[in-house]
> 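My questions will all concern the structure given below.
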Number of protein chains: 2
Amino acid sequence: MSELRLNPATGEWVIIAADRGGRPHDFAHPGRSRRKLPPLVEGCPFCPGNEGMTPNALLELPSESSGRWQVRAFPNKYPALGPGSASGATSEGPLFAAVTGEGAHEVLVETPLHNRFPADRDDGEMALLVQAYQQRYLALQSHRSTKYVLIFKNHGEGAGTSIEHPHSQIIAAPVVPEKEQRRCQIACEHYDRTGRCLYCDIVNEELRLASRVVYHDNQFVVFHPFAAGRPAETWIVPRDHAPSFGHVDEQGLRAFASVLLQTLRQLRTAFGDPDFNYAIHTAPKDEEDRPYYHWHLQLIPRMTKAAGLELGSGMYVNVAAPEDTAEAMRQARP
Amino acid sequence: MSELRLNPATGEWVIIAADRGGRPHDFAHPGRSRRKLPPLVEGCPFCPGNEGMTPNALLELPSESSGRWQVRAFPNKYPALGPGSASGATSEGPLFAAVTGEGAHEVLVETPLHNRFPADRDDGEMALLVQAYQQRYLALQSHRSTKYVLIFKNHGEGAGTSIEHPHSQIIAAPVVPEKEQRRCQIACEHYDRTGRCLYCDIVNEELRLASRVVYHDNQFVVFHPFAAGRPAETWIVPRDHAPSFGHVDEQGLRAFASVLLQTLRQLRTAFGDPDFNYAIHTAPKDEEDRPYYHWHLQLIPRMTKAAGLELGSGMYVNVAAPEDTAEAMRQARP
């Protein structure tokens, strides 16, 4: 029998229908073609030597060993949002509100090597990437028009990637998306009612119940949330309450990089290198200094497809119980 | 330059970035393998002769010519929600609310022919399908535990279909999904503020502005909404205000079937038979008799993939302006 679970952070119901899907390992997608890629691809705009194919770099972090760039950020050549001159409202009539797409959309090439995917890396490489995330995040937060910044990654074609060379993206929008507003509102209501941070409470409950925890140490907790919408959805949450990713110190960034790397390795081992997305949820710019939000990373493996039920109702069917996928990830820890 | 548009029905911002995607026809996915399927497939549980492979029928509507079933509804063998005996709350601690998955999940086989996809059919076949939708909808609405019913269809693998024989699904849930609650809330607020139905206002604005209208007659308006989240997202909305699909009369159902058929043909002609989902939005059970909701069908072609930005923020990037895709659909009208 399935179970309907309410996501305490979003107010969304999820159907956990584990008997529809078989055991967690049945979702495994082993042996993807990315395993066989060469380290350098002629004509790849993100490979070293082809920097002229992209806009000028906004940030280059050098490799300690070679002195050449290890992480490189630049404006997306086909931006969803871009620097605006004609900024302002472009609404049609009383019902249809619009603004010009002022903002920014950047690419972060994660490594000079075309075939060095996240789980292949070492702590140092991952730390440099996370450091670049924060630097570009802070730069984009400082833009006058920015209301909301999202750092995200698409890994594999099934996760929406069009260029296979490993890269992340960061977008700065002049509006706060509805879903993020709702997250803030729910966290704010919880804070007003209890005097506590919702995410701190969730973390403490997950630790107490233990069955969905993948890993925890003094600084981070990794777990499959109670109302996970998709098989092996994973949250990485800092234990210390901190609304914004922009405020994490250097030591915290290094610890985050390490736990992210380890989590992606466990995902690959447990489920056979699935495509995935991740996104860093952090307080919108105008809420950064308020106490109720708590930044975290949400990792969404793409092992099943959203269909008409999900698109129509917004209610997800998860064919794997998070308790079972968390157990599979725990067992995949070296 | 892109544009951010606010969906007046959901409160969600969408990025319309038409210069990222090229012309509407560039999304076309011509010549899918479904064109070459045989009319009858041995071992297909939905083909005639294999009825024993499915649970017993809940409804069979006969073909006028053959007298055999033309549309056949039965419980999904692997239901996301099912009849409950152990119904009740199964929450974990104070934060994690859950209820057992009581409800229903049915399959409607749309035609005895394995290869007769919607756009291949005639008005009579489509009318019978829509009639079956309503009959099962009414049956499920009458269940004591039902709070919300969704009729939906997945067409093609990219839209989440696992069985290729044409079929729809209907689900009855004991909760109202957050997204649907939000739609109702927004419609209710509009009604309280203006005394008018939000959807009637949207339809009238779309007709006045005309650029996104695909088709209209005395009974239905077909358009690509102002803040369409995906290329060629299409709404079919009845002109007469009616909260519930359950209340549509026989003549209205026939007209709906005909306009749905025509729309799916235009989609196939304009965009080369893309995978798609559709869902019928109708007032939740407890709101059926209130004046502010307005049932409609939402058709979502699956020509682009949701990635980290969409999953993380809930904000969609649409690489085709709805004005352009509506024009392509208009031109595809025979």
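Heavy-atom basis, side chains included; hydrogens, waters and symmetry copies ignored. Within every chain, numbering begins at 1; the chains are lettered A, B, ... in the order of the sequence lines, protein sequences first and strands thereafter.
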> Can you say whether L4(B) sits under 4.5 Å from chain A via the side chain, the backbone, both, or neither, judging by heavy atoms?
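For L4(B), the contact with chain A is made by backbone and side chain together.
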> Among all residues two or more places apart in sequence or in another chain, which pass the side-chain hydrogen bond (donor to acceptor under 3.5 Å, both in side chains) test with W235(A)?
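E233(A).
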> Check whether I15(B) gets within reach of chain A through its side chain, its backbone, both or neither, counting any heavy atom under 4.5 Å.
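I15(B) touches chain A through side-chain heavy atoms alone.
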> Could you look at P225(B) and say if it's the side chain, the backbone, both or neither that has a heavy atom under 4.5 Å from chain A?
neither
> With rounding to the nearest 0.5 Å, note down the distance linking CD in E180(B) to CE in M315(A).
10.0 Å
> For the atom pair OG (S91(A)) and CZ (F226(B)), what is the distance rounded to the nearest 0.5 Å?
6.5 Å
> Side chain, backbone, both or neither: which part of V176(B) has a non-hydrogen atom closer than 4.5 Å to chain A?
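The answer is the backbone of V176(B).
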> For the atom pair CG (L311(B)) and CG (N277(A)), what is the distance rounded to the nearest 0.5 Å?
5.5 Å
> With a 4.5 angstrom heavy-atom cut-off, could you sort out which part of L309(B) is near chain A: side chain, backbone, both or neither?
both
> Could you list the residues that satisfy side-chain hydrogen bond (donor to acceptor under 3.5 Å, both in side chains) with Y278(A), not counting sequence neighbours?
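Testing Y278(A) for side-chain hydrogen bond (donor to acceptor under 3.5 Å, both in side chains), a comparison that skips the adjacent residues, returns Y133(A).
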> Quick one: of L209(A), I280(A), I171(A), who has the most non-hydrogen atom pairs under 4.5 Å with chain B?
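Option with the top pair count is L209(A).
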> Which atoms of N154(B) are under 4.5 Å from chain A, going by heavy atoms: the side chain, the backbone, both sets, or neither?
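The side chain, not the backbone.
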> Which atoms of I202(B) are under 4.5 Å from chain A, going by heavy atoms: the side chain, the backbone, both sets, or neither?
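The answer is both parts of I202(B).
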> With rounding to the nearest 0.5 Å, note down the distance linking OG1 in T161(A) to NZ in K305(B).
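Taking OG1 in T161(A) and NZ in K305(B), the distance rounds to 10.0 Å.
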> Evaluate the side-chain proximity of R5(B) to V99(A): yes if any heavy-atom separation is below 4.5 Å, no if none is.
no
> Below 4.0 angstrom, N of the basic side chain to O of the carboxylate: do K179(B) and E310(A) qualify?
no
> Of the backbone (N, CA, C, O) and the side chain (C-beta and beyond), which part of L81(B) lies under 4.5 Å from a heavy atom of chain A, both, or neither?
both
> Taking P8(B), G229(B), G82(B), S168(B) one by one, which has the highest count of heavy-atom pairs under 4.5 Å against chain A?
P8(B)
> Shorter than 4.5 Å, heavy atoms on both sides: which option in G160(A), G314(A), G308(A) has the most such pairs with chain B?
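Maximum pair count with chain B is reached by G308(A).
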> So, for A279(B) and G312(A), which heavy atoms are closest and what is the spacing to 0.1 Å?
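Answer, listing the atom of A279(B) first, then G312(A): CB-CA, 3.9 Å.
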> At a heavy-atom separation under 4.5 Å, does F96(B) approach chain A through its side chain, its backbone, both, or neither?
both
> Need one label for A97(B): side chain, backbone, both or neither, based on atoms under 4.5 Å from any heavy atom in chain A.
both
> Does R208(A) pair with E92(B) as a salt bridge, N-O distance under 4.0 Å?
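No, no charged N to carboxylate O under 4.0 Å.
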> Counting only non-hydrogen atoms closer than 4.5 Å, does A173(B) touch chain A with its backbone (N, CA, C, O), its side chain (CB onward), both, or neither?
side chain
> For chain A, which candidate among K77(B), H190(B), R182(B) shows the most heavy-atom pairs at distances under 4.5 Å?
R182(B)
> At their closest point, which heavy atom of S2(B) faces which heavy atom of A80(A), and how far apart are they?
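Closest heavy-atom pair between S2(B) and A80(A): OG-O, 2.5 Å.
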> Please flag which part of T10(B) lies under 4.5 Å from any non-hydrogen atom of chain A: side chain, backbone, both or neither.
backbone
> Contact part of L95(B) toward chain A, heavy-atom cut-off under 4.5 Å: side chain, backbone, both or neither?
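L95(B) touches chain A through backbone and side-chain heavy atoms alike.
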> Examine whether an atom of F276(B) lies under 4.5 Å from a heavy atom of chain A, and if so say whether it belongs to the side chain, the backbone or both; otherwise answer neither.
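Interface part for F276(B): neither.
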> Measuring only between side-chain heavy atoms, which start at C-beta, is S313(A) closer than 4.5 Å to H281(B)?
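No - every pair of side-chain heavy atoms lies 4.5 Å or more apart.
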> Please give me the minimum heavy-atom distance between E205(A) and G93(B), naming the atom from each residue.
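Here E205(A) and G93(B) meet closest at OE1-CA, 3.9 Å.
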